[in-house]
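Keep in mind that this is a model prediction, so the values were computed, not measured.
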Amino acid sequence: MKILAIDTSCDETAVAVTEGTKIISNVVWSQIALHKKWGGVVPNIAKRAHQEKLDEIIVKAIRKAGNEKPEAIAVTIGPGLAIALEVGIIKAKELAIKWRIPLIAINHTEGHLLSPLSVAGKRKQIAEFPAWGLVVSGGHTELVYIKKVGDYRIMATTQDDALGEALDKAARMLGLGYPGGAFLEKLATKGNANRYPLPLPMKGKENQNSFSYSGIKTAMWQLVEKIKKESGELKRKQIEDLTASFQTTAFRHLTRVTKKSIENSNLEAKSLLVGGGVIANKQLRKELRRTGKELGLGVYFPTSRKLCGDNAGMIGVVARYKIKRGELITEKDFEKVDRIPRMKVDQNFEI
Amino acid sequence: MGMKVVTKKAIEEAIDCFKSGGLVIYPTETTYGAGVDATNDKAVGKLLKYKKRPLGKPLSIAVCDQSMAEKYVFLNDTASNIYRNFLPGPVTIVSTGRHQVARGVESETGTLGVRIPAYPMVLEIIRKLRKPITATSANSSYQKRPYSIIDILENISKKQKALIDLIIDVGELPHNEPSTVVDTTLDDTLILRQGEVILRESQEILSRSEESTRNLGKELWQKYEQYYGQRAIVFALEGPMGVGKTQLTKGIARAMGIKEEVVSPTFVIEADYGQGKLIHIDSWRLINGEELKEMGFQKRINDKSVVVVEWAERVIDLIKKHNEEVVVVWVKMVYGKKTNERLINFGIL
């Protein structure tokens, strides 16, 4: 069954055509120039840009997939910015009515969660369940227990900032612009993480099943102010060392809490699925692979960089499982399909 | 002019080509770029045709040094910091443009991405040309990253090929990532607005921990709860990163009886708790109050909601406009002398 998938939850206008877990086309139009990895949204610009671009991107995705009419439309209903989500939902309904095909309402976070299962080109991964899922992006830092696809339990979330957001904020404190997470990653590879030690967040409180980045953010701000007071404007080497320190500490916190939460749960699992924009970061991948190894779990990342960031291919992949469970929505119920801006990953949308 | 491939002594030829409005494929430390004189309308039109890119998605420019950059963009402290420390190099820096380039190069909002490629030959061409050139990658939109001329030519149409006037072929480039784009314009407005808020009567409190900041949130709610249901209450929070704005909001939410965990709203910009009882807004990435207005701020006020606005100084224009109909509690938070100390000032605006 060929599915047209639409995601306008953020500032990326994303459309894909999928079949099963196979991604046939996957078009992403980023509103902020060029290669931004994560960052978030500027509301009215996002909405307008989605409205202007969506038709063109839909045509492009369908054409790239061989110009066949899709048999169902999957659309993201949350979480995300309300006015941006709305653009995709309205368009999905309009097309579904025009083509007389059903809708499937998708949770964006579930898309990231299952993104390692998507098949792009020849690369295919088979993960065993039950599994753990970790989503790390600009908007999310969530550890989820996946009993099977569609059956989720949130095991740890952030108390304050998401990981991607914290990295972007650290970059901004260092005068690197916004969103600076990608720039920060580049600089961190050259830096010495031991020169400016930062306190590990929630040390001794790893059993609380919470991530937190507010403490390290504050410590970073104070450290930067102190260095500036002592030696004036930051120099290249100092910036590199500070980025390395921040990144290393932020990642160590992520893996520590992940590990503790998994160990304390006593739940049986075979794999660790990891998704979200921040997972394009090589150092983080390395550390999560090690964590998986220590826990005896097979670790799975999305098979391409594109599938890490926001995209609609992953939305189509989730749709496949929903179709299997019979969660298709027919025209009489379209009016009940509405945006859920703060939708949780374990929140099921029911008609 | 037909397509020509040169390898050596390309500099003079490239300059002539740029001067006559030509499209040049040139190497950089990242990928091959497609360049035209960024100040020539016709040449830029040609480039957009080549890229198959509609107007609306901005291009960026390559310059030879910072002083040349300053002819085309305004550099704030953040931008200067990056220029000083990391250029030339694979970073594109977005600043507010001076509208000195051809149509379609700057973004709709008037910003412009600038880069200084760490590739001496290109820098020499630009220096001698005394004009910026476009710095977009040489592939067609959505196509493979161009590390060799073959990558480009294999993926474009005959029509596109016909638009190329000159190719500077230096062989296959190392497969470096494309340049990283950073936007520095968010730091523009913040500086302009500092010190605009003067509170007539205010109270000052010293917080010694996150917990005590949360408790202050609770006290704030208890103090102004009397207006709840009669008028909208806006808690406008001002203060630097990491000072505890979200902690204070957690305290307000807890005092209001909201059970959900309040987290940073930076990414979604606006979050509501307790079925619309409390609206938590982060203005950090908003350009001004206009954006907040478009998100339905008026409705929040009509609904007599409780609204917490972080980085309120960014949207003070809008908040001041509603000052008559709304109870605005302005809260200024600054770092204290000791690591955990915060000085918190608050009062009715």
Under 4.5 Å from any heavy atom of chain A, what part of B:S80 do you find: side chain, backbone, both or neither?
neither

Which atoms of B:Y273 are under 4.5 Å from chain A, going by heavy atoms: the side chain, the backbone, both sets, or neither?
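Both the backbone and the side chain of B:Y273 come within 4.5 Å of chain A.
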
Can you tell me how far apart [atom1] ([X]) and [atom2] ([Y]) are? Round to the nearest 0.5 Å.
| X | Y | atom1 | atom2 | result |
| --- | --- | --- | --- | --- |
| A:M173 | B:M241 | CE | CE | 4.5 Å |
| B:T92 | A:F183 | OG1 | CZ | 10.0 Å |
| B:T266 | A:D168 | OG1 | CG | 9.5 Å |
| B:T339 | A:L223 | OG1 | CG | 11.0 Å |
| B:T185 | A:Y178 | OG1 | OH | 12.0 Å |
| B:E210 | A:D160 | CD | CG | 7.5 Å |

Per-residue contact mode, [X] against chain B (heavy atom under 4.5 angstrom):
| X | answer |
| --- | --- |
| A:I216 | neither |
| A:Q222 | side chain |
| A:L234 | backbone |

Tell me which of these, B:L292, B:I93, B:V243, B:D272, has more heavy-atom pairs under 4.5 Å with chain A than the rest.
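Ranked by contacts with chain A, first place is B:D272.
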
Counting heavy-atom pairs closer than 4.5 Å to chain A, which one of B:N85, B:V91, B:T246 comes out on top?
B:N85

Minimum heavy-atom separation for [X] and [Y], please, with both atom names.
| X | Y | result |
| --- | --- | --- |
| A:D161 | B:S264 | OD1-CB, 3.0 Å |
| B:N81 | A:L176 | ND2-N, 4.4 Å |
| A:P179 | B:V182 | O-CG1, 4.0 Å |

With a 3.5 Å distance limit and no angle check, can you tell me whether [X] reaches the backbone of [Y] through a side-chain donor-acceptor pair?
| X | Y | answer |
| --- | --- | --- |
| A:T218 | B:G242 | yes |
| A:K186 | B:P90 | yes |
| B:K250 | A:Q159 | yes |
| A:R236 | B:F86 | no |

Inspect the surroundings of [atom1] in [X] and state if more than 12 heavy atoms from other residues, nucleotides or ligands are less than 6.0 Å away.
| X | atom1 | answer |
| --- | --- | --- |
| A:K205 | NZ | no |
| A:K237 | NZ | yes |
| B:E211 | CD | yes |

In chain order, what residues pass the side-chain contact (heavy atoms from CB on, under 4.5 Å) check against A:A156, with sequence neighbours excluded?
A:L143, A:N209, A:F211, A:S261

